[in-house]
Amino acid sequence: MRKRQVRDMIWIRNGERKDLPAIHLIENEAIMNGNATFDLLEKSMDEKQEWFTKFEGMYPILVAEWEGEVAGYAYLSPFEEKLAYQSTVELSVYVYPQFHGLGIGHALMTAILDKGKECGFHTVISKITDGNERSVQLHNRYGFTYVGTLKEVGYKFDRWHDVLLYQWFPQEH
């Protein structure tokens, strides 16, 4: 029997309401144990449902399944609320820690950037907490350009964090 590539075990699809419990779990794990998000308090399921309703149909929300289990998710959201920013989106990718190293982040990144192109967005912005080398490497691999650092803008886990800004233009890829 031929071994399947790890990539063959990942299924990327549009997020659905049925995925909200898993998305909720993944996000709250990131809030409580990581600095990829500067949220300090866990989100309620009601808050996740409101988030889904707000973006559903307007911005892509994707989930990655590994052997039938939601292992991560990615989405594009408004970079800013002002109308002049409407073609600029912010990228978010989260993978549950037990699934790190399996290529799920790469699969989500490929799929969400393809969706960004399909939607006609002009530019994609990522904010990465300084020190998150895995995310920096992922963004570099996909052609993002480092455009600056915001110094000491987030306070979490008893210290200040810098945020690295990365930008990607779909029409160039």
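- Every residue meeting the salt bridge (charged side-chain N to carboxylate O under 4.0 Å, His left out) condition with K48, not counting sequence neighbours, appears here in chain and number order: E27.
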Anything under 3.5 Å between a donor and an acceptor, one on a side chain of residues 131-138, the other on a protein residue two or more places apart or in another chain? List them.
residue	atom	partner	partner atom	Å
N132	OD1	S135	N	3.1
R134	NH1	H100	ND1	2.9
S135	OG	H139	ND1	3.4

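- Taking K82 as the reference, nothing meets the salt bridge (charged side-chain N to carboxylate O under 4.0 Å, His left out) condition, with sequence neighbours excluded.
- The side chain to side chain contact (heavy atoms under 4.5 Å, CB included) test applied to P78 returns F55, Y59, E81, not counting sequence neighbours.
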Review item, side-chain donor-acceptor pairs of residues 153-163, under 3.5 Å, at least two apart:
residue	atom	partner	partner atom	Å
K156	NZ	I31	O	2.7
K156	NZ	G34	O	2.8
K156	NZ	T37	O	2.9
K156	NZ	D39	O	3.1
R159	NH2	H161	ND1	3.4
H161	NE2	K156	O	3.0
D162	OD1	E152	N	2.7

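- Looking at residues two or more places apart in sequence or on another chain, you find no salt bridge (charged side-chain N to carboxylate O under 4.0 Å, His left out) involving E29.
- F79 belongs to a hydrophobic cluster with Y85, I125, counting contacts under 4.5 Å between side-chain heavy atoms of Ile, Leu, Val, Met, Phe, Trp and Tyr, direct or through other members.
- Legend: residues meeting side-chain hydrogen bond (donor to acceptor under 3.5 Å, both in side chains) with E47, ordered by chain and number and at least two apart, are S44.
- T88 is linked by a side-chain hydrogen bond (donor to acceptor under 3.5 Å, both in side chains) to nothing, counting only residues two or more places apart in sequence or in another chain.
- A donor-acceptor pair shorter than 3.5 Å can be found between the side chains of Y142 and T110.
- In terms of heavy atoms, L76 sits closest to G116 at CD1-CA, 3.7 Å.
- Remark: H122 engages F169 in a ring-ring contact (aromatic ring centres under 6.0 Å, His included) (not counting sequence neighbours).
- The ring-ring contact (aromatic ring centres under 6.0 Å, His included) check on Y96 picks up nothing, with sequence neighbours excluded.
- Residues satisfying the salt bridge (charged side-chain N to carboxylate O under 4.0 Å, His left out) test with E56, not counting sequence neighbours, are R17.
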